[in-house]
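Following: one structure in structure tokens, then a few remarks.
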Amino acid sequence: MPNLPTTTSKLTKPISTAYSLPPPPLHPAAITNQILKSDNPQSLTQTLHTLSGWTPNLVQTILKRLWNHGPKALQFFNLLDNHPSYCHSAAAFDHAIDIAARLRDYKTIWALVCRMRSRKLGPTPKTFAIIAERYVSAGKADKAVKVFLSMHEHGCQQDLNSFNAFLDVLCKSKRAEMAYRLFKIFRGRFRADVISYNIIANGFCLKKQIPRALEVMKEMVERGLEPTLTTYNTLLKGYFRAGQVTEGWVFFLEMKKRNIDIDAVTYTTVVHGFGVAGEVEKARKVFDEMIGAGVLPSVATYNALIQVLCKKDCVENAVLMFEDMLRKGYVPNATTYNVLIRGLCHAGKMDMAIEYMDKMKDDCDPTIQTYNVVIRYYCDDGEIEKALVVFEKMSGGTCLPNLDTYNILISAMFVRKKSDDLLIAGKLLTEMVDRGFLPRKFTFNRVLNGLMLTGNQGFAQEILRLQSKCGRLPRHFRL
DNA sequence: GTAGGGTTAG
């Protein structure tokens with residue numbers, strides 16, 4: 001029998017009643033740790049198969065926790081795929097495809113798509129949005145277009161929704177021009193709507209090309225489509241993003257003059273926009289105006305203001321705003337805490353930052369950003385041991401380190417010029433490759449040099465082999 | 001996962 005800790009096992013129940021109890025619930029944290037620890041696929045299969053009570057939700061949670069350990073995540077997915085009584089959901093397949101795509105394992109992606117189809121679970125439009133996004137972010141936008149155009153060959157109908165989702169993928173990856181070209185070709189066939197236009201306008205705003213965004217908006221009006229509040233909010237955000245604060249403010253006034261029913265998103269955009277420009281007083285004034293106008297601030301509005309106060313005012317005022325938010329009955333989310341924790345770290349109040357990190361656990365789980373911020377500032381302060389303690393806590397499986405975490409820590413291993421630190425750097429480098437991350441050439445070379453200079457030739461050889469395996473050797477270099 | 005508002009720091 002697998003011996004997984006459960007909450008019920010902590011309670012001391014009389015043995016006589018234990019028989020009538022339902023099977024203990026499966027705990028994602030315990031199972032995730034079991035998967036991470038296991039180096040024997042056979043016994044892991046045994047463990048996973050013996051457990052009953054698998055649900056799509058539980059599988060999703062575990063896949064999410066294993067997100068930063070791609071190889072393990074896929075192993076888990078595959079082992080469970082042969083479970084006698086559990087069948088993967090479409091969402092689990094999508095998740096596995098996303099992970100394979102991030103590992104640039106294109107063969108596995110398409111094998112999973114085929115398996116999905118043979119089980120009549122899809123592939124769905126969402127599956128294709130995932131695949132397209134990964135191709136685009138790998139610099140293969142043309143391939144992404146081909147994938148979209150061949151959706152129907154994989155048994156997935158193309159429609160306006162999937163067209164819009166695809167345009168959005170291109171725009172979010174800063175390919176607005178390409179999206180606009182495709183849009184013009186296919187808008188008739190898919191009956192492009194306001195949402196399609198908003199996506200394209202937003203794409204140009206992301207590239208700070210406001211005139212292009214306005215052009216799209218104009219064209220939309222000429223074709224008889226009415227701009228929505230989202231259209232206006234998109235352009236408003238565009239002005240501020242492009243650093244055109246005055247134009248943004250004028251646009252905001254114009255929205256009010258035209259009696260557009262502005263909402264919390266509109267106000268949050270302006271608060272954030274003024275804040276980034278260092279106009280703290282104006283940001284506060286707009287926040288007050290909002291309340292006066294009877295528009296209820298959202299958690300995001302508070303997040304924007306707290307961030308502004310942290311960056312352009314002082315963290316003490318940010319804490320006051322945070323407390324004000326609690327008094328009014330808001331529940332802060334992970335972004336609220338992350339913004340405030342970053343502010344505290346930046347002000348050198350590391351102990352307080354850690355306090356807030358603990359407090360955070362009552363409302364939500366710390367995210368990878370939370371850990372990375374704390375680790376980064378500990379490293380900057382030369383508190384490398386403390387950074388490593390935080391890092392060790394992550395290995396528990398609630399939030400595994402990502403590429404940034406490894407890069408931050410590896411860089412920190414060079415500041416003290418200690419031989420032991422270089423060994424840790426080497427260990428971190430090995431571990432990150434193990435978990436499916438691809439270090440840059442620069443990182444490899446740096447660790448390699450460090451190990452050579454500190455007399456760790458043996459380890460250096462190992463790293464060199466790893467670098468070769470990853471295809472990250474310097475040009476003209478042969479082992 | 002068909003659109004708009006908050007996340008590090010460079």
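When reading the values below, keep in mind they use all heavy atoms of this one structure, side chains included, and skip hydrogens, waters and symmetry mates.
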query: Is any side-chain N or O of A:Asn198 closer than 4.0 Å to OP1 or OP2 of B:dG4?
result: no
message: Just to be sure I understand the rule, does A:Asn372 reach a base, reach only the sugar-phosphate, or reach nothing, if contact means heavy atoms closer than 4.0 Å?
response: nothing
message: Expected output is a numbered-order residue list: members of residues 227-235 of chain A with a heavy atom under 4.0 Å from any atom of DNA chain B. What is it?
response: A:Thr228, A:Leu229, A:Thr230, A:Asn233, A:Thr234
message: Regarding A:Asn402 and A:Asn372, do their side chains bring together a donor and an acceptor under 3.5 Å, going by distance alone?
response: yes
- prompt: With sugar-phosphate meaning primed atoms plus P, OP1 and OP2, does A:Gln369 contact a base, only sugar-phosphate, or nothing at under 4.0 Å between heavy atoms?
  reply: base
statement: For residues 137-154 of chain A, the side-chain hydrogen bond (donor to acceptor under 3.5 Å, both in side chains) pairs (sequence neighbours left out) are A:His152-A:Gln158
query: Donor-acceptor pair, A:Tyr106 side chain versus A:Tyr135 backbone, under 3.5 Å?
result: no
- prompt: Do A:Gln369 and A:Asp404 get their side chains close enough for a donor-acceptor pair, meaning under 3.5 Å?
  reply: no
- request: Could you check which residues of residues 162-175 of chain A get a heavy atom under 4.0 Å from DNA chain B? Sort them by number, please.
  value: A:Asn164, A:Ala165, A:Asp168, A:Val169, A:Lys172
query: Heavy atoms under 4.0 Å, any strand shown: does A:Lys237 hit a base, just sugar-phosphate, or nothing?
result: sugar-phosphate
Sequence neighbours excluded - salt bridge (Lys or Arg N to Asp or Glu O under 4.0 Å) pairs with any residue from residues 87-104 of chain A: A:Asp98-A:Arg134
- prompt: Which parts of residues 260-271 of chain A get close to DNA chain B, meaning a heavy atom less than 4.0 angstrom away?
  reply: A:Asp263, A:Ala264, A:Val265, A:Thr268, A:Thr269
- request: Compare the minimum distances between each of B:dG5, B:dA3, B:dG1 and the side chain of A:Ile195, then state the nucleotide with the smallest one.
  value: B:dA3
- line: Contacts of A:Cys470 meeting side-chain contact (heavy atoms from CB on, under 4.5 Å) (sequence neighbours excluded), chain-then-number -> A:Val433, A:Leu438, A:Phe444, A:Arg472
Sub-4.0 Å heavy-atom contacts from residues 139-160 of chain A onto DNA chain B, ordered by number: none
Test side-chain contact (heavy atoms from CB on, under 4.5 Å) applied to A:Thr443 - qualifying residues, sequence neighbours left out: A:Asn407, A:Ile410, A:Leu429, A:Pro439, A:Arg440
task: Sequence neighbours left out, what passes side-chain contact (heavy atoms from CB on, under 4.5 Å) with A:Asp261? Give chain and number order.
output: none
- prompt: In residues 308-337 of chain A, which residues come under 4.0 Å of DNA chain B by heavy atom?
  reply: A:Lys311, A:Asn333, A:Thr335
- request: For A:Ser298, answer base if it contacts any base atom (sugar-phosphate contacts may also be present), sugar-phosphate if it contacts only those atoms, and nothing otherwise; contact means non-hydrogen atoms under 4.0 Å.
  value: base
task: Establish, from distance only, whether the side-chain atoms of A:Lys64 and A:Gln60 form a donor-acceptor pair under 3.5 Å.
output: no
task: State, without any angle test, whether A:Thr269 and A:Thr266 hold a side-chain donor-acceptor pair at a distance under 3.5 Å.
output: no
Donor-acceptor contacts, no H, no angles, side chain residues 384-400 of chain A, under 3.5 Å, sequence neighbours left out:
from: A:Glu385; atom 1: OE2; to: A:Arg416; atom 2: NH1; distance (Å): 3.0
from: A:Glu385; atom 1: OE2; to: A:Arg416; atom 2: NH2; distance (Å): 3.0

- prompt: Are A:Asn198 and A:Thr230 close enough that a side-chain donor and a side-chain acceptor fall under 3.5 Å?
  reply: no
query: Side chains of A:Thr231 and A:Thr234: do they bring a donor and an acceptor to under 3.5 Å?
result: no
Residues 178-186 of chain A, side-chain donor-acceptor partners within the protein, below 3.5 Å, at least two apart:
from: A:Tyr180; atom 1: OH; to: A:Glu219; atom 2: OE1; distance (Å): 2.6

message: Give me the distance, rounded to whole Å, that separates B:dG1 from B:dG5 when you measure between the P atoms they each carry.
response: 15 Å
query: Would you say the side-chain atoms of A:Asn338 and A:Thr335 include a donor-acceptor pair closer than 3.5 Å?
result: no
